[in-house]
Amino acid sequence: MYSGLAAQYHLHDPVERALLPQGRFDVPLTVSDAMFAADGSLAFDDNSQSGLWGDVILVNGSPWPVMKVQRRIYRFRLLNASISRSYRFSLSTKDPVTVVATDGGLMPVSQQVSSWRHGSAERYEVLIDFSKYLSGTRIELRNQSNKNNVDYDFTNRVMAFDVTEEPVNIADPSWRTIPTLLASSTAMDLKAGQALKTRTMRVKRDNGRWTIAGTTWEEVVNSNYQKVIADPDLDDVEIWQIENSSGGWFHPVHIHLVDFQILSRNGKPPFPYERGPKDVVYVGEDETVRLLMKFEHHRGKYMVHCHNLPHEDHDMMAQFSVGLKKGDIDPNDPITAAPAHFEPD
Ligand SMILES: [Cu+2]
């Protein structure tokens, strides 16, 4: 991923087509950072497995790009593809953006924010209204950073938008529409009272190794892939409480299979911009988050890991099972589920 193997594919449906800008006004922004050696090759230093912080910010692979925009609303799909860095994005004008979707799709209600904290692998979709700026104006997307990142002279800058005189097609109502009500989803319709169980998991560095829920991936391998940190039945609803008692690290924790609803962070409501279906949660310094999720559609074993990739690689990854009893054959085992077979002509 550090070498650039990260991209977006976009899913469309009639609901978002009716609500949000489409086509050239629906723009992927994949943000990452890198450090380069004198000969232009990528350099790598993971600071004793704590993380890599580059001094160059890339958007869709280009350093600090500039995009020409019309005087209308644009939809940007922001993915943080940095292997460690987290961002706090804001506009140079201090104007708010409107968040319309999170990792798992549209939020129930759009949210206006003047900045947002964005960890690795999180996705936020935002609307920026350029109609209020005169042509010739430059608006910058900036990074105010967060605790425990390593910042350099220009890591506070991400990209810029130059407002042009290109005529706006006002027959397309999305040019100036900021929708409020968006869409429901399984995760956001869940109620905490439906949960059958609450599980508590700690994320911490233990004897120099990154652990999650008291385990490492090596322990999973050594168990012949039998060790699981949770074993909900199919269609069970659970609360997972993830605790980071360190002031020295943040962890973007990614749970496979499910989308979840963030119930609380340190006992308070989640930030406005994260009130949508999520599959990565920023577990900041000294933060405890409570997540509500339903394990539906698929039985099998799924991973949960930190998305700071040096943390994940050393060795902050575990697995949980869904709908499997002890000793059951995993129907989705990647080795045996779909064995290769020969089809003669
Ligand atoms: Cu981590």
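When a ligand or atom number is given, it counts from 1 through the structure's own listing order. All residue numbers in this chain count up from 1 along the given sequence. Everything numeric here is computed off the predicted structure, so don't read it as measured data.
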For this session: For the Cu ion (ligand 1), find the closest N/O/S atom belonging to H251 and write down its atom name.
Result: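 Of the nitrogen, oxygen and sulfur atoms in H251, the Cu ion (ligand 1) lies nearest to ND1.
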For this session: Output the atom name for the N/O/S atom of H311 with the smallest distance to the Cu ion (ligand 1).
Result: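 Of the nitrogen, oxygen and sulfur atoms in H311, the Cu ion (ligand 1) lies nearest to ND1.
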Hey, is [X] close enough to [Y] for a salt bridge, meaning N to O under 4.0 Å?
X    : Y    : answer
R77  : D26  : yes
E219 : K227 : yes
D162 : K68  : no

For this session: Please confirm whether R117 makes a cation-pi placement over F271, using NZ or CZ under 6.0 Å from the six-membered ring centre and within 45° of the ring normal.
Result: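 Judged by the rule, R117 and F271 form no cation-pi pair.
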For this session: Report yes or no: does C306 have an N/O/S atom closer than 2.8 Å to the Cu ion (ligand 1)?
Result: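 True for C306.
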